[in-house]
Amino acid sequence: MTALGAWIESHRLPRVGLGCWRVCAPGRPSWAVAVETIRAAYEAGVRLFDTADSYGLDEREHGYGEWLLKEALAGTQGTVVVTKGGFARPAGMWEGRGSRVSVARAIELSASRLGVSTLDGYLLHGVDPRVDLVESITPVLEARAERRIRWVGLSNVSVSQAARVTAIAPIDMVQNRLSVTVRPVGTQEMLGFCQSNGIVFMAHTPLGPVLADGAKDRVQDSMTVRRIAEARGVSSAVVAVAWLLAQSSGLVAIPGARKPDSILDSLSAVGLTLTGDEIAELGGVVPQDR
Ligand SMILES: NC(=O)c1ccc[n+]([C@@H]2O[C@H](COP(=O)([O-])OP(=O)(O)OC[C@H]3O[C@@H](n4cnc5c(N)ncnc54)[C@H](OP(=O)(O)O)[C@@H]3O)[C@@H](O)[C@H]2O)c1
């Protein structure tokens, strides 16, 4: 187990963090409500917070999510903030900025916005198709060697991409999309790869599209989740997160929330143990990987 895995094991509500995209994205709440949501999660025991330098409406807001977390977590103890770099947001789009120089500068700026000399966690947000992955990750690995980052990782990668990096140096986390209704091709392989390399797998968009906007195309899938949720007297979100937690002991889910009630509810998934039959039934929700 890596040091990050040990840290997660030793904390209360260790396997659920707060994803902070929704409080920065279009349709976001006011700054004050966003701060309240993050504080509510902290007060309830959440210690892991996920953001990115690109979380905001567009490039004019580069750093919004990091400034938000800095304010919301001021004076708190024992938190881990995972941030990400490697994207720009021209006109609100997502565009890779994976050159060595860009990523090195992004790391410095993230540390400065979060007001730390050592970033807790830093991920390459995605692979820039115009840049070799090893070039992009090199400044991240160098910053860890210089103790400017504690834990490093990759996001939105395949096993072969992750393996290219681990051939150079160990990594602490992979953040890929996974939910009960969306299981990207290669996820099982990735879970196995993470488990055997002591890498924490962070499931991003863990409720989508169980509940998140745009869920309509998988109503049938959502019905299965809803039926089990009703039988257990919990919300669909709780069932969806509990199912994720049952997939691997090295998996952490980071549900997003715009309001305190959502994250407080999702947290209760830590206390729900699904039966083997329920896990199997939920496992059949998606007829094929996609
Ligand atoms: N690495 C990447 O490229 C990447 C990509 C996407 C996301 N992420 C990370 O993953 C996090 C999670 O993804 P996401 O926020 O897009 O989607 P999500 O976690 O799948 O869904 C969040 C939505 O579900 C709702 N929700 C949460 N808990 C609920 C509950 N208990 N009951 C009812 N509704 C509930 C929230 O409602 P309210 O908003 O109304 O509270 C929010 O709209 C992000 O915040 C971000 O940190 C990373």
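Note that these values count all heavy atoms, side chains included, but never hydrogens, waters or copies made by symmetry. Treat the numbers as computed from the prediction; the structure is a model and nothing was measured. Remember, it's 1-based here, ligands and their atoms both numbered in the order they're listed. We're numbering straight along the sequence, starting at 1.
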Novice: Should Lys84 be listed as contacting ligand 1, given a heavy-atom distance under 4.0 Å as the test?
Specialist: yes
Novice: Which distance, rounded to the nearest 0.5 Å, do you find between the CZ of Arg150 and the CH2 of Trp7?
Specialist: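 It comes to 8.5 Å.
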Novice: Minimum distance, heavy atoms only, to atom 13 (O) of ligand 1: which one of Val234, Thr205, Thr181 is it?
Specialist: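 Shortest heavy-atom distance from atom 13 (O) of ligand 1: Thr205.
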Novice: Contact between Ser249 and Gln195 at the side-chain level, heavy atoms closer than 4.5 Å - yes or no?
Specialist: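 In short, these two side chains touch, coming nearer than 4.5 Å.
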Novice: Using heavy-atom distances only, which candidate in Ser262, Gly19, Ser155 approaches atom 35 (C) of ligand 1 most closely?
Specialist: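 Shortest heavy-atom distance from atom 35 (C) of ligand 1: Ser262.
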Novice: Looking at His125, which atoms of ligand 1 are within less than 4.0 Å of one of its heavy atoms?
Specialist: 1 (N), 2 (C), 3 (O)
Novice: Hydrophobic side-chain clustering at under 4.5 Å (ILVMFWY, transitive links): who's grouped with Tyr55? Put none if nobody.
Specialist: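 Trp21, Phe87, Trp94, all in the cluster of Tyr55.
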Novice: Which ligand 1 atoms does Asn156 reach within 4.0 Å, using its non-hydrogen atoms?
Specialist: 1 (N), 2 (C), 3 (O)
Novice: Under 4.0 Å from ligand 1, counting heavy atoms only, is it the side chain of Cys20, its backbone, both or neither?
Specialist: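 Backbone only; the side chain of Cys20 stays clear of ligand 1.
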Novice: Any N or O on Ile263 sitting closer than 3.5 Å to an N or O of ligand 1?
Specialist: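 N/O-N/O distance under 3.5 Å: no.
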Novice: Please could you name the atoms of ligand 1 that Asp265 approaches to less than 4.0 Å, counting only its heavy atoms?
Specialist: 30 (C), 31 (N), 32 (N)
Novice: Under the side-chain contact (heavy atoms from CB on, under 4.5 Å) test, which residues partner Arg130, sequence neighbours left out?
Specialist: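 side-chain contact (heavy atoms from CB on, under 4.5 Å) list for Arg130, sorted by chain: Arg97, Asp128.
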Novice: Report yes if some N/O of Ala257 lies less than 3.5 Å from some N/O of ligand 1; otherwise report no.
Specialist: no
Novice: May I ask you to establish whether Arg47 and Tyr42 are in a cation-pi arrangement, using a distance under 6.0 Å from NZ or CZ to the six-membered ring centre and at most 45° from the ring axis?
Specialist: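 Yes, cation above the ring, under 6.0 Å and within 45°.
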Novice: May I ask you to check if ligand 1 and Asp261 share an N or O to N or O distance below 3.5 Å?
Specialist: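 No; every N/O pair is 3.5 Å or more apart.
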Novice: Show me which atoms of ligand 1 lie under 4.0 Å from any heavy atom of Ala237.
Specialist: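 In order of number, 29 (C), 30 (C), 31 (N), 32 (N).
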Novice: State whether a side-chain donor-acceptor pair under 3.5 Å links Thr166 with Asn197.
Specialist: no
Novice: Answer yes if the side chains of Ser110 and Glu66 hold a donor-acceptor pair under 3.5 Å, and no otherwise.
Specialist: yes
Novice: Which is closest to atom 26 (N) of ligand 1 by heavy-atom distance: Leu207, Val23, Leu154, Leu124?
Specialist: Leu207
Novice: Under 3.5 Å, is there a donor-acceptor pair linking the side chains of Trp31 and Glu71?
Specialist: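 Checked: Trp31/Glu71 side chains pair up, N/O donor to acceptor below 3.5 Å.
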Novice: Do Leu191 and Thr187 touch side chain to side chain, with heavy atoms closer than 4.5 Å?
Specialist: yes
Novice: List ligand 1 atoms under 4.0 Å from Asp50, heavy atoms only on the residue side.
Specialist: 9 (C), 46 (C), 47 (O)
Novice: With a cut-off of under 6.0 Å to the ring centre and 45° to the axis, is Arg113 in cation-pi contact with Tyr64?
Specialist: no
Novice: Only heavy atoms of Pro255, strictly under 4.0 Å: list the atoms of ligand 1 that pass.
Specialist: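 Answer, ordered by atom number: 19 (O).
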Novice: Go through ligand 1 atom by atom and flag the ones less than 4.0 Å from a non-hydrogen atom of Ile254.
Specialist: 9 (C), 10 (O), 11 (C), 12 (C)
